[in-house]
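One structure below.
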Amino acid sequence: MTQAKQINPIEQILREHPVMILDGALATELEQHGCDLDDPLWSARVLIENPDVIVQVHADYFRAGADCAITSSYQATVDGFSKRGIGEQEALDLIRKTVELAAKARDDVWVEVQSGVVGSKGLKGQSVEVPSVCVEALENEEHRADRTGDREGECLRSRPIIAGSVGPYGAYLADGSEYVGHYGVSDETLAAFHRPRMAALIEAGADILAFETIPSLQEAQVLVELLKEFPHAYAWLSFSLKDGTTISEGTPLEVCAQTFGSEPQIAAIGLNCAPMEVVTEAVGILSRASDKPVIVYPNSGEVYDAATKTWSGQGTCGSMSDASEQWVAAGAKIIGGCCRTTPHQIGELAKKWRS
């Protein structure tokens, strides 16, 4: 039986809102909850040891106003779990579980939103406003997007979606290669690495895949070709950057946007885990080179040291809301945060673009 093609979930949200709001850092919040991520599996370690904390962090972002949660599968791969003595079937079950955890958080918070709950407690007891509610179903019953808001004209909130994180091959290497991109491996090696996780995330019900922190044109091309094996699915494609004009391995951003701008299954093209200072320039290039919605979720501005696995420098995430005005003016349609950003920053973005 042929599976019907899904509606593009990003397109659906952007029909209702000028800007789609992503979540922020998962690992940062897990560490705030006392999780030890000093492990090659990174946040995937928590998936094994304490999955309830992952649900809590996802819920904090949904309460802050995120339209999308990115699953905890960035570093969850069959190959990576194998190094920990976990067999293929159990590894695939764990990858599917990342979707289930995010969906549970979404569904729990959506009940709160529909109930008109105000002052729901997020991380560390912070109060996060949840809008008053009236549910309006779209005409297409099969693919409707539930929405909430008030009838006085306040912008309605769409039911959030789940993005299955497909991190780069370099994340599995756990040596910072996702910020360099020169792996020295074949297309076949990359395809064999990525295919099982993509299949598991789609089977588990992810609304869209997030090809994120991709450092090279080669890996992006492999992922987009693999996506064609799942013709009903969509993905966004987000690169790590060397600077405001090139991705990590040196390919110009303009070339990347032109290469994938006509791919029907790619729902958005953009960047993540780059410092905020380069975002406006990069967004301008992407928006001029392609008609795809531009997605941006930068880090806090701190610098990651792959050798020590530590962050240093001054973060600038407090100004994310203000900076987002320039990003939107340059053409960004989807905005969130990456490493070292928090539910507070996402809440500020939601206030700015949903008030």
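Source: prediction; values computed, not measured.
A donor-acceptor distance shorter than 3.5 angstrom exists from the side chain of S287 to the backbone of G284, with no hydrogens or angles considered. For the pair E281 (side chain) and T245 (backbone), a donor-acceptor distance under 3.5 Å is absent. A donor-acceptor distance shorter than 3.5 angstrom exists from the side chain of Q345 to the backbone of T342, with no hydrogens or angles considered. At least one donor-acceptor pair under 3.5 Å links the side chain of Q218 to the backbone N or O of V185. Checking side-chain atoms of T77 against main-chain N and O of G80 turns up a donor-acceptor pair under 3.5 Å. A donor-acceptor pair under 3.5 Å is absent between the side-chain atoms of R159 and the main chain of D107, judged by distance alone. Between the side chain of R354 and the main chain of V19, a donor-acceptor pair closer than 3.5 Å is present. Between the side chain of N299 and the backbone N or O of R340 there is no donor-acceptor pair closer than 3.5 Å. Using a distance-only test at 3.5 Å, with no hydrogens or angles considered, no donor-acceptor pair links the side chain of T251 to the main chain of I247.
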- Item | Full working for side-chain hydrogen bond (donor to acceptor under 3.5 Å, both in side chains) between E212 and Y297 | CA-CA 10 Å; E212 54 180 352; Y297 47 119; 2.7 Å; yes

- Item | side chain to side chain contact (heavy atoms under 4.5 Å, CB included) evaluation trace for E29 with Y61 | CA-CA 10 Å; E29 294 304 299; Y61 281 114; 3.6 Å; yes

- Query: Please walk me through it: do C273 and S240 pass side chain to side chain contact (heavy atoms under 4.5 Å, CB included)?
  - Reply: CA-CA 6 Å; C273 213; S240 62; 5.7 Å; no

- Query: Is there a salt bridge (Lys or Arg N to Asp or Glu O under 4.0 Å) between E100 and K104 once you walk through the steps?
  - Reply: CA-CA 6 Å; E100 296 166 5; K104 174 176 170 47; over 6 Å; no

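Note on V180: it does not cluster hydrophobically with L241, by side-chain heavy-atom contacts below 4.5 Å among ILVMFWY residues. If you chain together hydrophobic residues whose side chains sit under 4.5 Å apart, V278 and V255 never meet in one group.
At a threshold of 4.0 Å, the pair E348-K352 does not count as salt-bridged, since none of the basic side-chain nitrogens sits closer than that to a carboxylate oxygen. A salt bridge is absent between D67 and R106: the closest approach of a Lys/Arg side-chain nitrogen to an acidic carboxylate oxygen does not fall below 4.0 angstrom. For the pair E263 and K292, the salt-bridge criterion is not met [side-chain N within less than 4.0 Å of a carboxylate O].
The two residues I10 and A268 have their closest heavy-atom pair at CD1-CB, 4.1 Å. Nearest heavy-atom pair, A64 versus P343, reported as atom, atom and distance to 0.1 Å: CB-O, 3.5 Å. Here the shortest heavy-atom pairing between T71 and S165 reads OG1-N, 2.9 Å. Listed here is the closest heavy atom pair of S72 and T98: OG-CG2, 3.4 Å. Among all heavy-atom pairs drawn from M276 and P298, the shortest one is CG-CG, 3.6 Å. Closest non-hydrogen pair, C338 versus A25, comes out as O-CB, 3.1 Å.
Counting heavy atoms from C-beta outward, I54 and V57 have side chains that stay 4.5 Å or more apart. Considering only heavy atoms from C-beta on, S216 stays 4.5 Å or farther from F239 through its side chain.
A donor-acceptor contact closer than 3.5 angstrom is absent between the side chains of D79 and S82. A side-chain donor from one of E219 and Y183 sits under 3.5 Å from a side-chain acceptor of the other. In this structure, a donor-acceptor pair under 3.5 Å is absent between the side chains of Q56 and D52. Side chains of S177 and D175: a donor on one and an acceptor on the other come within 3.5 Å. T28 and E31 form no side-chain donor-acceptor contact under 3.5 Å, judged by distance and modelled atom types alone.
Y172 and F193 have tilted rings, their planes meeting at an angle from 30° to 60° on a 0 to 90° scale. Between H232 and F230, the ring planes are perpendicular. Angles over 60° get that label, and only those under 30° would be called parallel.
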Return all side-chain donor-acceptor pairs below 3.5 angstrom for residues 198-210, not counting sequence neighbours, or 'none' if the list is empty.
| from | atom 1 | to | atom 2 | distance (Å) |
| --- | --- | --- | --- | --- |
| E203 | OE1 | R96 | NE | 3.3 |
| E203 | OE1 | R96 | NH2 | 3.2 |
| D207 | OD2 | I162 | N | 2.7 |

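Heavy-atom contacts from other residues, nucleotides or ligands closer than 6.0 Å to CD of E88 number 12 or fewer.
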